[in-house]
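Reading through the structure tokens given below for one structure.
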Number of protein chains: 2
Amino acid sequence: MSSISLSQVQYVLALHRTGSFSEAANACHITQSTLSTMIKKLEEQIDITLFDRKTKPIKLTAEGESLIDQFKVLYYEYDNLIEDIQETRTEYYGTFKIGIIPTLAPFLMPFILKNMVDSHQKVKFTVMEITTEEILKLLKLRELDVGLLSTPVIDETLIQNPLFAEDFLIYDATAVSTKKRKYTVDDIDLSRLWLLEESHCMSFQIEKICHLKKSDNLDTNLIYKSGSILSLINLVEANNGLTLIPRIATLHKGILNSDYLHPIVSPSPAREVGTVTHPNFSKKQLLASLEEKVLSSVMPILRTVTDVKIINPM
Amino acid sequence: MSSISLSQVQYVLALHRTGSFSEAANACHITQSTLSTMIKKLEEQIDITLFDRKTKPIKLTAEGESLIDQFKVLYYEYDNLIEDIQETRTEYYGTFKIGIIPTLAPFLMPFILKNMVDSHQKVKFTVMEITTEEILKLLKLRELDVGLLSTPVIDETLIQNPLFAEDFLIYDATAVSTKKRKYTVDDIDLSRLWLLEESHCMSFQIEKICHLKKSDNLDTNLIYKSGSILSLINLVEANNGLTLIPRIATLHKGILNSDYLHPIVSPSPAREVGTVTHPNFSKKQLLASLEEKVLSSVMPILRTVTDVKIINPM
DNA sequence: TACAACTATTGATGTCATCAATATCATTAA
DNA sequence: TTAATGATATTGATGACATCAATAGTTGTA
């Protein structure tokens, strides 16, 4: 018995479905005589008559009945393979658009982007540093594949996957670390506090940590707001100021004076970082790869902190 | 993208398994150049390079890794289809060997054999009337497909399926039925009792009903033993004798004088009838068909008897 | 550097799938 | 009862595909 072809499987299923040789042939975009010949050939190959031609519409024989489900299963799995192939091509040769918030980008992307490019050499990566609000908007428009941001976001239409929690550290230009003293939230001198501009959710998170409200009348330090963590750090250092720094910033040696860094305890305020995708997002393997690389990158600086309080970004 | 053939699927899996073009070709009984050409063709069709030829042994690319499982699934289902086809051919065109005990055969086979032949017109049926002991032996030798006998049998290596229980009736040539009197086991006049020869388990069952032992010294009636129920019935009638008849014998109108038939109560001794098959028996549909037809045949004479005592055949 | 083992390429050939044309069959209407 | 219609089966020609033999090219080892 020689090989059954997938075309023959397709023809059998079409005839079973339509109950007519001519209709099945049309459905398969071949001529009726081809269909007739190929089904007869299959029946001879396997030495089983699958269809009773005497009935109108054409029906399966008892033997055919006992085999048709497995014909269906086989073709179903062939369909799955074709889909997998399409998806693999898209994943390996298409584009992958990443949106990332500015308070993560400078510390994550230098490490993970090269890795991602190396392991997906035929994928074209596009990275956009934009705010959470803009990321969510572009995800919904399908103009981004994935957002890398502080979770959770309040949006039921998108799929979120939290990856890790990182605590905030006090960065204080006047408090030289002796490494003996433990800091709490109450040690934050609000008169010297610097924040990112309001569109950054980390700014909102810091306000929550410090029990601030938007209408609070603060000192003049808070009037000047910055758009990047690097500017924030420079401002703090130049003005004997103070801010809160996410621990991920410590990945980047050299931009922080480690003498000014102080962990907070009881509790340690923290933010959660994760990915957000559209429900119809299909490049699962690229997403998994990105998530794995993000986790690998932050692993060295993640601490097992027991008394953590996650501060939501919205 | 034109159709992927199952041969190509087979070649991919062989190369993945062996890590060598020449070994894979050997495994598939084709030349190395055919394998090389066909795998390259597939890779061009789907526009994905599946194998990294630089490694020794040859390994899948990352893309290949993400697809290989679905190639495996597809070929597995193709294998299943081939097996189903083989099994269907065997079931519909092969042989079905039935062993049945003589105390069942004359009452069951006339009804069910025609039915079985009608619904499996291409199957060659072989029916052997032999004792339980011989049926079990031939089942184990795979020279029988199924045994139809009194269950349970003491044999863990075979598969049993009990179908129904039938009670024994007294058949007494001297006790004309008035349909008023109820008989119990104690009404059995042992001096007139006739039995089948010892190799028939029904004989054993009757001895148990009557609390007989092999070494019991009975009257001269028991010295002459018969091999068929019909002979038994004739002996009883010709000699004013007595025996026990399974209810299934009442299916056959005309051989029994219904005046001599008496149900037994408190309790009604009964035997269980079922099928026995070898664990590797594969013609499941034929077996199910047989079992269904047996049950349909005995349904008219089966009684809902409440106080039943099953007498085991061994 | 030579050689062995392996994969890739190419042209010839056999096999298979398909089509167009036609034969055959079954059903329906006049 | 015959003719028409719709459907399936058959057949020969043709294009597509799978395969092989021969050879080119590559890689690793002694």
Side-chain angles (χ1 to χ4, degrees), chain A residues 1-61 63-64 71 74-75 78 81-82 85, chain B residues 1-61 63-64 68 71 74-75 78 81-82:
Chain A
M1 180 177 76
S2 72
S3 182
I4 295 168
S5 71
L6 286 163
S7 296
Q8 284 172 319
V9 175
Q10 181 192 13
Y11 302 156
V12 164
L13 295 179
L15 182 55
H16 169 54
R17 193 175 64 243
T18 59
S20 147
F21 275 78
S22 38
E23 280 182 46
N26 284 339
C28 299
H29 310 296
I30 54 172
T31 59
Q32 168 268 318
S33 65
T34 300
L35 194 100
S36 181
T37 307
M38 294 304 289
I39 284 181
K40 179 175 179 181
K41 184 181 178 225
L42 173 62
E43 286 175 327
E44 286 168 358
Q45 281 172 342
I46 66 178
D47 199 17
I48 295 177
T49 305
L50 296 170
F51 292 99
D52 180 358
R53 275 86 160 169
K54 297 281 172 54
T55 61
K56 292 292 154 53
I58 287 170
K59 295 213 178 86
L60 290 165
T61 58
E63 296 100 298
F71 275 101
L74 178 59
Y75 205 73
Y78 174 69
L81 177 61
I82 299 297
I85 285 168
Chain B
M1 180 175 77
S2 72
S3 182
I4 296 168
S5 70
L6 286 163
S7 296
Q8 284 171 318
V9 175
Q10 182 193 9
Y11 301 155
V12 163
L13 295 178
L15 182 55
H16 169 56
R17 195 175 62 244
T18 59
S20 147
F21 275 78
S22 38
E23 280 183 47
N26 284 339
C28 298
H29 309 298
I30 55 173
T31 60
Q32 168 268 320
S33 64
T34 300
L35 193 100
S36 180
T37 306
M38 294 304 290
I39 285 181
K40 178 174 177 180
K41 184 184 177 220
L42 173 61
E43 286 175 327
E44 286 168 356
Q45 282 171 342
I46 66 178
D47 199 16
I48 296 177
T49 303
L50 296 170
F51 292 98
D52 181 358
R53 274 84 160 172
K54 297 281 172 54
T55 61
K56 292 292 151 58
I58 286 168
K59 293 209 178 92
L60 290 165
T61 59
E63 296 103 296
I68 196 66
F71 275 102
L74 177 60
Y75 206 73
Y78 173 69
L81 177 62
I82 298 297

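Chain letters run A, B, ... following the sequence lines, proteins first and then strands; every chain starts at 1.
Listed by chain and residue number, Arg89(A) satisfy the salt bridge (charged side-chain N to carboxylate O under 4.0 Å, His left out) test with Asp47(B) (two or more places apart in sequence, or in another chain). Listed by chain and residue number, Lys122(B) satisfy the salt bridge (charged side-chain N to carboxylate O under 4.0 Å, His left out) test with Glu63(A) (two or more places apart in sequence, or in another chain). Not a single side chain to side chain donor-acceptor pair (under 3.5 Å) links Gln32(B) to another residue, sequence neighbours left out.
Side-chain contact annotation: Ser22(B) with Ser20(B), donor-acceptor N/O pair under 3.5 Å present.
Residues from residues 26-37 of chain A placing a heavy atom under 4.0 Å of any atom in DNA chain C, listed by number, are Ile30(A), Thr31(A), Ser33(A), Thr34(A). In the region residues 12-24 of chain A, proximity to DNA chain D at under 4.0 angstrom, judged on heavy atoms, holds for Ser20(A), Phe21(A), Ser22(A). In the region residues 53-60 of chain A, proximity to DNA chain D at under 4.0 angstrom, judged on heavy atoms, holds for Arg53(A), Ile58(A).
Closest of all the heavy-atom pairs between Thr61(A) and Thr49(A) is OG1-O, 2.6 Å. Of all non-hydrogen atoms in Asp52(B) and Thr55(B), the two that sit nearest each other are O-OG1, 3.1 Å. The two residues Ile39(B) and Arg53(B) come nearest to each other via the heavy atoms CG2-NH2, 3.9 Å.
dC17(D) atom P lies 16 Å from atom CG of Leu6(B), rounded to whole Å. Ile39(A) has its CD1 atom 16 Å from the P atom of dA7(D), to the nearest Å. Here the C1' atom of nucleotide dT8(D) and the CG atom of Asp52(A) are 13 Å apart, to the nearest Å. Distance CE (Met38(B)) to P (dC20(D)): 11 Å, rounded to an integer number of Å. Between the CD atom of Gln8(A) and the C1' atom of dC17(D) there is a distance of 15 Å, given to the nearest Å.
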If you apply the rule side-chain contact (heavy atoms from CB on, under 4.5 Å), what do you find for Tyr78(B) with Ser3(A), and how did you get there? CA-CA 10 Å; Tyr78(B) 173 69; Ser3(A) 182; 3.6 Å; yes

Give the intermediate values and the outcome of side-chain contact (heavy atoms from CB on, under 4.5 Å) for residues Leu74(B) and Ile4(B). CA-CA 11 Å; Leu74(B) 177 60; Ile4(B) 296 168; 5.8 Å; no

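Listed pair Lys40(B) / dT9(C) meets the phosphate criterion, a side-chain N or O lying under 4.0 Å from OP1 or OP2.
Between Ile68(B) and Leu13(B) there is a side-chain heavy-atom pair separated by less than 4.5 Å.
Using a 4.0 Å heavy-atom distance criterion, Tyr11(B) is classed as a sugar-phosphate-only contact.
Results of the side chain to side chain contact (heavy atoms under 4.5 Å, CB included) test with Cys28(A) over Met38(A), Gln10(A), Glu23(A) single out Gln10(A) as the only residue that passes.
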